[in-house]
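All remarks here apply to the structure that follows.
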Amino acid sequence: MIVETGHFALALALAISLVQMVMPIWAARTGDPALRQTASQAALGAFACVLFAFAALTWAHVTSDFSVQNVVENSHTQKPLIYKISGVWGNHEGSMLLWVLILTLFGACVAVAKNSVPPRLRASTLGVQGLITFVFLLFIITTSNPFSRVIPAPVEGNDLNPLLQDVGLAIHPPLLYVGYVGFSISFAFAVAALIDGRIDAVWARAVRPWTLTAWCFLTLGIAMGSYWAYYELGWGGWWFWDPVENASLMPWIAGTALLHSTVVMEKRDALKVWTVLLAILTFSLSLIGTFLVRSGVITSVHSFATDPTRGVFILAILVLFIGGSLTLFAWRAPLLRQGGLFAPISREGSLVLNNLFLVAACATVLVGTLYPLLLEMLTGEKITVGPPFFNSTFVPLAIPLLLIVPFGQALAWKRGDVLAAAQRLFAALAVALVVGFAVLALTWGGPVMAPVGIGLGAYLLIGSALEVVSRARGYGASRARSLGQIGRRAVGLPRSAWGTALAHAGVGVVVLGIAAQGWATEGLATLKPGQSLATGPYVATLDSVGPRQGPNYEEAAASLTIRTRSGDEVGHVDTGKRFYPSRKMAVTESGLLTIGASQVYASLGEMSQDGGVGLRLYYKPLVLLIWLGAVVMAVGGGLSLTDRRMRVGVPAKAKARPLPAAVPAE
Amino acid sequence: MTRKKRRLILIAACGSVLALALGLILYAMSGSIVFFRSPSDIAQQGIAPGTRLRLGGLVKDGSVKRGPDQIVDFAVTDTNATVEVQYKGLLPDLFREGQGVVTEGVLEPGGRFRADTVLAKHDESYMPREVADALKAQGRWQEGGSNKGGAAPKPATASADGTLGPRSER
């Protein structure tokens with residue numbers, strides 16, 4: 001019964017989203033504010049309905065209701081509760097439902113964000129959101145219904161893919177989707193602005209918190225996915241330049257550009273048309289990502305959900321939204337009033353350059369992801385564009401981009417002074433060069449790019465610190481002299497200033513982590529108990545290897561002791577190969593030993609007849625910095641979000657001052 | 001600064017960054033694209049030894065021989081032609097005889113394929129799409145066995161020298 005009610009709620013949400021889409025248009029024609037208000041109510045209603053549908057599906061999964069097709073295919077009575085819940089979005093139908101749930105959640109948030117969005121903009125935005133909700137609900141109901149029944153119901157389900165039975169994958173999709181889908185708000189704002197033909201700093205202020213929220217979640221989602229791939233897949237890498245990864249990276253890059261161009265728009269009323277275009281492109285890339293992952297067109301070795309009907313439907317969605325919004329852009333953008341002027345060498349100028357490099361980097365990723373598909377379609381030739389392609393296109397574009405980051409921060413708005421900025425950054429530049437050369441000298445004969453990366457990371461970190469210091473010190477007459485004064489003023493800086501510095505420092509931390517992988521080492525051997533394998537500064541000794549029984553798997557488990565080369569014991573690592581009988585599938589469980597920010601990483605191979613076991617051992621120096629840096633970036637974004645200026649987007653009208661009470665005459 | 005001059009500078013900046021991106025793409029395209037070949041393609045086309053390529057097909061039944069130091073010899077077949085493959089490293093969990101597999105590496109002068117990467121997917125009913133297409137071209141493959149996965153399964157990868165790891169900073 002609950003399942004049918006959930007199905008009905010989904011259909012109801014479809015109808016409500018139609019109302020949400022039509023009402024603002026009608027209201028715009030009649031100019032009726034009450035009618036306009038219905039868009040907000042519809043958005044809340046649609047959210048409530050989808051939430052109920054999602055809860056119903058979750059209920060079916062938790063109670064192992066095997067009369068539901070989706071539960072049969074992805075669940076199992078013996079599965080731990082947390083994976084019964086995460087199994088809801090561990091499949092195509094459920095993940096699309098989660099997608100729409102988050103979409104309507106954002107709609108509901110816009111509906112209740114009373115003082116940050118002007119009423120007319122809110123109504124139009126919700127209208128556009130209503131259209132997106134409608135189309136995706138239609139997609140779910142017609143091609144990917146999660147509530148289909150199976151009659152007769154089987155006794156047991158197929159279980160969730162064991163690879164997905166992991167805490168990382170329980171939280172990874174929701175994080176990623178909040179990011180992906182959050183950009184729909186920026187998109188809806190942009191389309192609404194184009195329809196209204198009006199865009200200004202108020203628009204930029206209204207859209208910025210939503211973009212920033214989406215960006216923070218996408219950052220965390222990508223980092224989470226990367227870390228999951230790293231520890232779960234047992235291959236020791238953290239980024240594969242795989243189409244599925246690129247699908248999430250592209251909206252992130254475009255979203256980063258959008259975030260920076262909105263700042264220019266808010267502060268200086270410039271780059272309006274460009275910002276609108278970026279908002280459209282960012283969400284378009286989210287949609288392309290959904291298409292790549294969900295339609296089965298990917299040539300990659302792990303394409304799934306190969307269903308042509310879905311592919312064609314999602315392609316139609318792409319054409320509708322990307323084609324439609326770009327047409328609207330071409331038609332309406334010339335009407336938008338031009339913004340303020342600025343000199344090429346200024347904060348704005350550096351942000352334009354940042355946008356250029358980001359967009360160029362994004363374009364190379366897009367070409368690398370789509371070119372193989374296109375070539376196969378046109379010539380039938382199958383090619384792979386792997387990490388070498390991306391490394392030789394993305395990295396050369398990323399380096400100048402990173403060099404600009406502290407530099408742009410040091411330039412003044414409107415008209416900057418390169419020399420003054422260089423002087424302020426002198427310390428960062430000097431330290432970066434010294435660090436880079438010192439590392440190069442210490443590791444002479446090793447990788448060349450790694451010291452460059454370390455120098456760059458140091459430059460970004462010190463640059464961010466200097467930015468906070470110089471802002472706290474102040475300029476001109478109000479310049480603070482003593483250290484105490486600077487400290488007090490630093491504490492008093494707006495949170496967004498700290499947020500920016502933190503986010504940029506996070507980039508520096510990521511760069512350090514990536515660069516350090518240049519010194520990663522690996523060893524491979526067949527070991528019997530008692531034998532050792534060395535890599536980097538560590539030696540692993542195999543203590544024991546044998547079978548073990550898990551809740552829904554059998555495992556060949558190995559236990560290793562890790563020592564330094566001089567023989568001091570550092571710790572133990574357990575690694576194994578699990579076999580899941582319900583899926584007849586083997587999964588390697590990598591073993592990790594964290595030493596500071598570095599890790600020793602072990603993964604197990606086949607057992608041989610004579611009792612030996614294949615072991616691969618990696619030493620990953622400072623590898624945790626990669627994900628830690630991403631977290632720092634997201635925290636920086638979150639800190640900016642708590643800034644008062646973010647919450648109060650619309651300059652509130654001064655409250656009518658109460659008339660002074662009449663003073664009784666004496 | 002006039003609007004016209006500002007626009008010129010902006011266009012020049014855009015042009016140079018885009019030209020840089022285009023140049024990098026073309027340069028990378030010329031050097032780092034790997035073509036997919038089936039064993040029949042290799043038998044028929046006379047591919048120059050040393051060319052990096054992806055070889056895909058079925059792991060021939062009874063061909064897997066494990067040597068010392070994690071060296072594995074096996075044969076990849078599309079039922080018309082067969083190529084001997086040597087690989088050093090841990091094999092992915094789903095590597096099995098009779099299963100579809102994609103390997104990446106170079107062809108040696110003797111005709112043996114030295115793989116540094118072996119890919120297989122984490123799904124029991126999985127057949128790499130390239131392999132399925134190649135087998136279809138040979139008329140040896142019927143549709144069947146759907147793929148159901150969860151959110152973005154990644155490739156199960158094994159790499160002999162860590163080439164699949166991050167190389168950007170090396």
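Letters A, B, ... are given to chains in the order of the sequence lines, protein chains preceding strands, and every chain is numbered from 1.
- Scanning for salt bridge (Lys or Arg N to Asp or Glu O under 4.0 Å) contacts around E381(A) gives R37(B), with sequence neighbours left out.
- Heavy atoms only, all atoms of each residue included: T393(A) and A28(B) are closest at CG2-CB, 3.7 Å.
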Please report the C-alpha distance between V72(B) and E606(A) in whole Å, then the side-chain angles of each, then the deciding distance to 0.1 Å, and finally whether the side-chain contact (heavy atoms from CB on, under 4.5 Å) criterion is met.
CA-CA 11 Å; V72(B) 188; E606(A) 304 271 328; over 6 Å; no

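- Within the 4.5 Å cutoff, no side-chain heavy atoms of S32(B) are placed close to those of V385(A).
- Taking the side chain as every heavy atom from C-beta outward, L20(B) and L397(A) approach each other to under 4.5 Å.
- For the residue pair V17(B) and A360(A), the shortest heavy atom distance occurs at CG1-CB, 3.7 Å.
- Between Q70(B) and T526(A), the closest heavy-atom pair is NE2-OG1, 2.7 Å.
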Before giving the answer on side-chain contact (heavy atoms from CB on, under 4.5 Å), spell out for S603(A) and L90(B) the whole-Å C-alpha distance, their side-chain angles and the decisive distance to 0.1 Å.
CA-CA 9 Å; S603(A) 77; L90(B) 302 186; 3.9 Å; yes

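- Looking at Y371(A), only its side chain comes within 4.5 Å of chain B, counting heavy atoms on both sides.
- Around CG of L10(B), the count of heavy atoms belonging to other residues, nucleotides or ligands within 6.0 Å exceeds 12.
- Smallest separation of non-hydrogen atoms from L524(A) and G89(B): CD2-CA, 3.5 Å.
- Under the side chain to side chain contact (heavy atoms under 4.5 Å, CB included) criterion, L512(A) pairs with I454(A), L461(A), L625(A), not counting sequence neighbours.
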Please report the C-alpha distance between F389(A) and I25(B) in whole Å, then the side-chain angles of each, then the deciding distance to 0.1 Å, and finally whether the side-chain contact (heavy atoms from CB on, under 4.5 Å) criterion is met.
CA-CA 8 Å; F389(A) 172 87; I25(B) 287 176; 4.3 Å; yes

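- Taking CD1 of I383(A) as the start and CZ of F36(B) as the end, the distance is 13.0 Å to the nearest 0.5 Å.
- Proximity to chain B is limited to the backbone of L615(A), based on heavy atoms less than 4.5 angstrom apart.
- Side-chain contact between T364(A) and L24(B) is absent, with no heavy atoms from C-beta onward closer than 4.5 Å.
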